[in-house]
Amino acid sequence: MSPLPAPLGTVERGLQWVAGLFALAGGLALAVLGAVTGVSVFWRYVLRDPIFGIEDISTMALTVVVAGAVAYGAVHQSHVSVNVIKYAGGRGLTRVTDVAARLGGIAICSFAAYGLVTKGSCGMPCGAMTSNLGIIHTPFYYGLAAAMGFYAVLLVLHLIIGLLHWSGADPNEMLD
């Protein structure tokens, strides 16, 4: 397997760093979500006085967790995949299907990012806020859009790397 050209390696390391930031935000949100859930359970079942709006905070924290998981999971290839095509057609077929799958993933992630930005930019006039506390959804839509856009950029990089390694082993192909 030939090494990556220097610019692509730099881009890949940069994307890994950005994914780390997404993971940090997601991890902090997960800690907040755990604390909020613990406090909520205590207040509801021990003190018999549920906290108003706790679902709103939990939902918004969960969107940050999801955004972090999408980006971090993309870099570390931890999303679920089933690799049966290579058993049926070998590397010759997977070269073509990898390109098709990555192009499809780029299109889907880009469309999702565009939809999230479009929906998020409407904000309060469209009623995009939580029902109890009135937390505006806009920054959370933008965070999810950033994660989806990040995944699309990563897929573009993997597509380029895969095309550069057309005659050899693709370094981003899942191994057995």
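None of these values were measured; they are calculated from a predicted model.
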Does the side chain to side chain contact (heavy atoms under 4.5 Å, CB included) test come out yes or no for Tyr142 and Ser121, once each step is laid out? CA-CA 8 Å; Tyr142 288 167; Ser121 65; 3.4 Å; yes

Worked verdict on Arg95 versus Val99 for side chain to side chain contact (heavy atoms under 4.5 Å, CB included): CA-CA 7 Å; Arg95 283 185 184 102; Val99 170; over 6 Å; no

Report whether Phe42 and Ile54 are members of the same hydrophobic cluster (ILVMFWY, side-chain heavy atoms less than 4.5 Å apart, transitive linking). yes

In Å, rounded to the nearest 0.5 Å, how long is the span from CH2 of Trp43 to CD1 of Ile51? 5.5 Å

Decide whether Met129 and Val117 are clustered together by the hydrophobic rule: side chain heavy atoms of Ile, Leu, Val, Met, Phe, Trp, Tyr closer than 4.5 Å, transitively. no

Between the main-chain N or O of Leu133 and the side-chain N or O of Asp56, is there a donor-acceptor pair closer than 3.5 Å? yes

Indicate the atoms forming the closest heavy-atom contact of Met148 with Cys109, along with that distance. O-CB, 3.5 Å

Nearest heavy-atom neighbours spanning Ala25 and Val64: O-CG1, 3.6 Å

What is the distance from atom CG of Leu62 to atom CG of Leu30, rounded to the nearest 0.5 Å? 9.0 Å

Of all the heavy-atom pairs spanning Ala113 and Gly149, show the shortest one and how long it is. CB-N, 3.8 Å

If every non-hydrogen atom of Leu15 is compared with every non-hydrogen atom of Leu157, which pair is closest and at what distance? CD1-CD2, 3.8 Å

Under the side chain to side chain contact (heavy atoms under 4.5 Å, CB included) rule, what do Phe140 and Ile135 come out as? Steps first, then yes or no, please. CA-CA 10 Å; Phe140 300 98; Ile135 301 170; 3.8 Å; yes

Could you tell me the separation between the CZ atom of Phe111 and the OG1 atom of Thr118, rounded to the nearest 0.5 Å? 9.0 Å

Are Tyr151 and Leu8 linked, directly or through other ILVMFWY residues, by side chains that come within less than 4.5 angstrom of each other? yes

Hydrophobic cluster membership, with links at side-chain heavy-atom distances under 4.5 Å among I/L/V/M/F/W/Y: are Ile57 and Leu47 in one? yes

With respect to Val156, which candidate in Ile160, Leu154, Leu159 satisfies the side chain to side chain contact (heavy atoms under 4.5 Å, CB included) definition? Ile160

Distance check, rounded to the nearest 0.5 Å: Leu93 atom CG versus Asp98 atom CG? 9.0 Å

State, yes or no, whether a side-chain contact exists between Leu144 and Val70 at a heavy-atom distance under 4.5 Å. no

Could you give the distance from CG (Asn132) to OG1 (Thr59), rounded to the nearest 0.5 Å? 9.5 Å

With side chains defined as the heavy atoms from C-beta onward, is the minimum distance between His137 and Lys119 less than 4.5 Å? no

State whether the number of non-hydrogen atoms from other residues, nucleotides or ligands found under 6.0 Å of Tyr72 atom OH is greater than 12. no

Minimum heavy-atom distance between Ala128 and Tyr141, given as atom pair plus value: CB-CE1, 4.4 Å

For His76 and Gln16: C-alpha separation, side-chain torsions, deciding distance, then whether side chain to side chain contact (heavy atoms under 4.5 Å, CB included) applies. CA-CA 9 Å; His76 294 283; Gln16 289 172 349; 6.0 Å; no

Nearest 0.5 Å, what's the OG1-CD1 distance between Thr130 and Ile136? 8.0 Å

Return yes if some donor-acceptor pair links the side-chain N/O of Arg44 with the main-chain N/O of Ser40 below 3.5 Å, else return no. no

Closest approach of His158 and Arg102, non-hydrogen atoms and distance? O-NH1, 3.2 Å

Spell out, as yes or no, whether a donor-acceptor pair under 3.5 Å connects the side chain of Ser110 to the backbone of Ala107. no

Please check if Val36 and Leu28 belong to a single hydrophobic cluster, counting links between Ile, Leu, Val, Met, Phe, Trp and Tyr side chain heavy atoms closer than 4.5 Å. no

